[in-house]
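One structure below.
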2 protein chains.
Amino acid sequence: MMQPIRVGADFGREFPGADPAAAEVAANLVRAASAFLDEVERRRRPVAGLSAGAYEALAVLEGAGEPLPGHVIAERLLVTTASVTSLLDTLVRRGFVTREPHPTDRRKILVRLTAEGQRVVDEMLPIVHRTATDVFGALTAAEAEALVERCTEARRRLAELAALPPPTPRPRRVRRRTLADAD
Amino acid sequence: MMQPIRVGADFGREFPGADPAAAEVAANLVRAASAFLDEVERRRRPVAGLSAGAYEALAVLEGAGEPLPGHVIAERLLVTTASVTSLLDTLVRRGFVTREPHPTDRRKILVRLTAEGQRVVDEMLPIVHRTATDVFGALTAAEAEALVERCTEARRRLAELAALPPPTPRPRRVRRRTLADAD
DNA sequence: TATTGTTATACTCTATAACTATA
DNA sequence: TATAGTTATAGAGTATAACAATA
């Protein structure tokens with residue numbers, strides 16, 4: 001009952017110049033990734049009731065293996081330092097990290113994982129990996145490697161595209177209906 | 001310079017029972033999908049400055065080909081009717097949809113795309129498909145089909161998992177470091 | 001009673017801008 | 001001047017709960 005997301009037969013007429021197979025790949029990839037993240041969040045919620053960003057911040061800290069200044073966390077999370085400030089407010093309030101002064105540079109703070117924070121990470125990371133195993137563990141080594149390769153090529157291409165100015169208005173579309181109501 | 005996201009050599013010791021290949025597939029898939037959505041948003045922003053949810057709502061309306069009651073939009077978007085109310089407030093204010101009374105069921109409203117809303121959809125959808133073509137258009141038919149298949153299997157598996165109660169605490173993890181700082 | 005939609009409220013995430021302290 | 005962090009402010013998105021109107 002769970003079928004691939006497919007484009008309609010008139011896709012080519014409606015979107016001249018667009019590749020139907022590419023559209024299907026994109027739709028199916030995005031939906032799969034989104035469903036995966038939903039399942040991770042569902043399983044992870046009971047651990048500490050934190051948002052995805054908060055769990056990521058804890059994982060970054062734990063991955064570094066040492067206290068980190070705020071702007072480094074901001075870089076890894078791809079958000080502004082202002083956003084990190086409020087994220088850390090939550091984590092400090094919940095007792096999962098502490099702020100301490102940087103020993104040599106007094107502009108900086110160091111964010112340190114508490115024992116409780118470490119406990120959260122120790123519960124949370126296996127949940128993520130277990131979910132991955134539940135979802136993708138049945139793939140053959142070749143299938144897994146092919147998937148990783150395709151995703152890496154896509155990320156490579158996307159990194160190039162992101163460096164370009166957004167393309168200007170496309171050829172106008174002809175008529176209606178595509179993969180709209182695929183759920 | 002853009003390499004696949006890989007787990008560390010000690011992954012197996014740290015996360016007994018977790019499949020390293022599955023973890024790599026999950027990480028690469030999620031990152032690729034996220035980068036794709038970022039690029040779509042970057043290209044789509046100039047069209048009308050709407051959020052992803054607002055564009056999706058317009059696409060749902062246009063895909064249906066007729067005015068829809070609010071709760072149907074909520075179902076398709078997987079959000080509550082309360083969320084749709086505020087989403088529609090924005091779209092009405094911007095002039096992209098109108099609310100009108102349902103002819104027979106006076107509890108309902110019908111949301112209708114305006115000419116301006118139609119214009120937004122006509123500009124926006126080709127941008128999405130063009131992005132897909134830019135990113136995935138170089139795949140062979142076999143590669144594309146394999147990708148679609150793997151994603152569909154994952155969604156199928158995830159639909160099963162979502163129906164289960166979240167699994168209870170996993171075997172404890174042994175030591176530190178995995179795919180933390182892969183960016 | 002159930003359904004539809006709105007309002008009220010609250011919380012999180014994120015951003016920009018202005019500001020302080022420090023380098 | 002540049003960097004690090006905070007505060008203030010704002011806006012989007014989402015949710016739950018209570019409610020009104022209608023079926």
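Note that the coordinates shown come from a computational prediction; the quantities given were computed from them, not determined experimentally. Convention: sequence-line order gives letters A, B, ...; per-chain numbering from 1.
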Send over the distance from [X] [atom1] to [N] [atom2], rounded to a whole Å.
X        : N      : atom1 : atom2 : value
A/Lys108 : C/dT20 : NZ    : C1'   : 17 Å
A/Arg42  : D/dA15 : CZ    : C1'   : 19 Å
B/Asp89  : D/dG11 : CG    : P     : 15 Å
A/Leu50  : C/dC11 : CG    : C1'   : 14 Å
A/Arg45  : D/dA15 : CZ    : C1'   : 11 Å
A/Leu88  : D/dG5  : CG    : P     : 9 Å
B/Leu87  : D/dA15 : CG    : C1'   : 14 Å
A/His71  : D/dA2  : NE2   : P     : 17 Å

May I ask you to verify if any side-chain N or O of [X] is less than 4.0 angstrom from the OP1 or OP2 atom of [N]?
X       : N      : result
A/Thr81 : D/dA4  : no
B/Thr85 : C/dT6  : yes
A/Thr80 : C/dA15 : yes

Legend entry - 5' precedence on DNA chain C between B/Val72 and A/Ser83 (nearest-nucleotide basis):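 Nearest-nucleotide comparison on DNA chain C picks B/Val72.
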Legend entry - Which residue lies more 5' along DNA chain C, comparing B/Pro69 with A/Ala54 via nearest heavy atoms: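 The residue closer to the strand's 5' end, by nearest nucleotide, is B/Pro69.
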Legend entry - side-chain contact (heavy atoms from CB on, under 4.5 Å) partners for A/Glu153, two or more places apart: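 Result, side-chain contact (heavy atoms from CB on, under 4.5 Å) vs A/Glu153: A/Glu149, A/Arg150, A/Arg156, B/Leu139.
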Legend entry - Proximal nucleotide (of C/dA8, D/dA8, C/dT4) relative to the B/Ala82 side chain: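 The nucleotide sitting nearest to the side chain is C/dA8.
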Inset, instruction - For A/Ser86, answer base if it contacts any base atom (sugar-phosphate contacts may also be present), sugar-phosphate if it contacts only those atoms, and nothing otherwise; contact means non-hydrogen atoms under 4.0 Å. - result: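 Answer is base: heavy atoms of A/Ser86 come under 4.0 Å of a base.
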Legend entry - Residues within residues 92-107 of chain A bordering DNA chain D, heavy-atom distance below 4.0 Å: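 Under 4.0 Å from DNA chain D: A/Arg99, A/Arg107.
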Legend entry - Member of A/Arg43, A/Glu39, A/His129 meeting the side-chain contact (heavy atoms from CB on, under 4.5 Å) criterion with A/Asp134: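 The passing option is A/Arg43.
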Legend entry - From B/Glu100 atom CD to B/Leu110 atom CG, the distance as rounded to the nearest 0.5 Å: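 Here the interatomic distance stands at 5.5 Å.
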Legend entry - B/Arg94 side chain vs B/Leu50 backbone, donor-acceptor pair below 3.5 Å: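 It does not hold such a pair.
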Legend entry - Any donor-acceptor pair under 3.5 Å from A/Asn28 side chain to A/Ile5 backbone: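 Pair found, side chain donor or acceptor close to backbone of A/Ile5.
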Legend entry - Candidate pair A/Gln118 and A/Asp122, rule side chain to side chain donor-acceptor pair (under 3.5 Å), full reasoning: CA-CA 6 Å; A/Gln118 184 67 52; A/Asp122 286 345; 3.1 Å; yes
Legend entry - A/Arg31 with A/Asp38: basic N within carboxylate O range, under 4.0 Å: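 A/Asp38 and A/Arg31: not salt-bridged.
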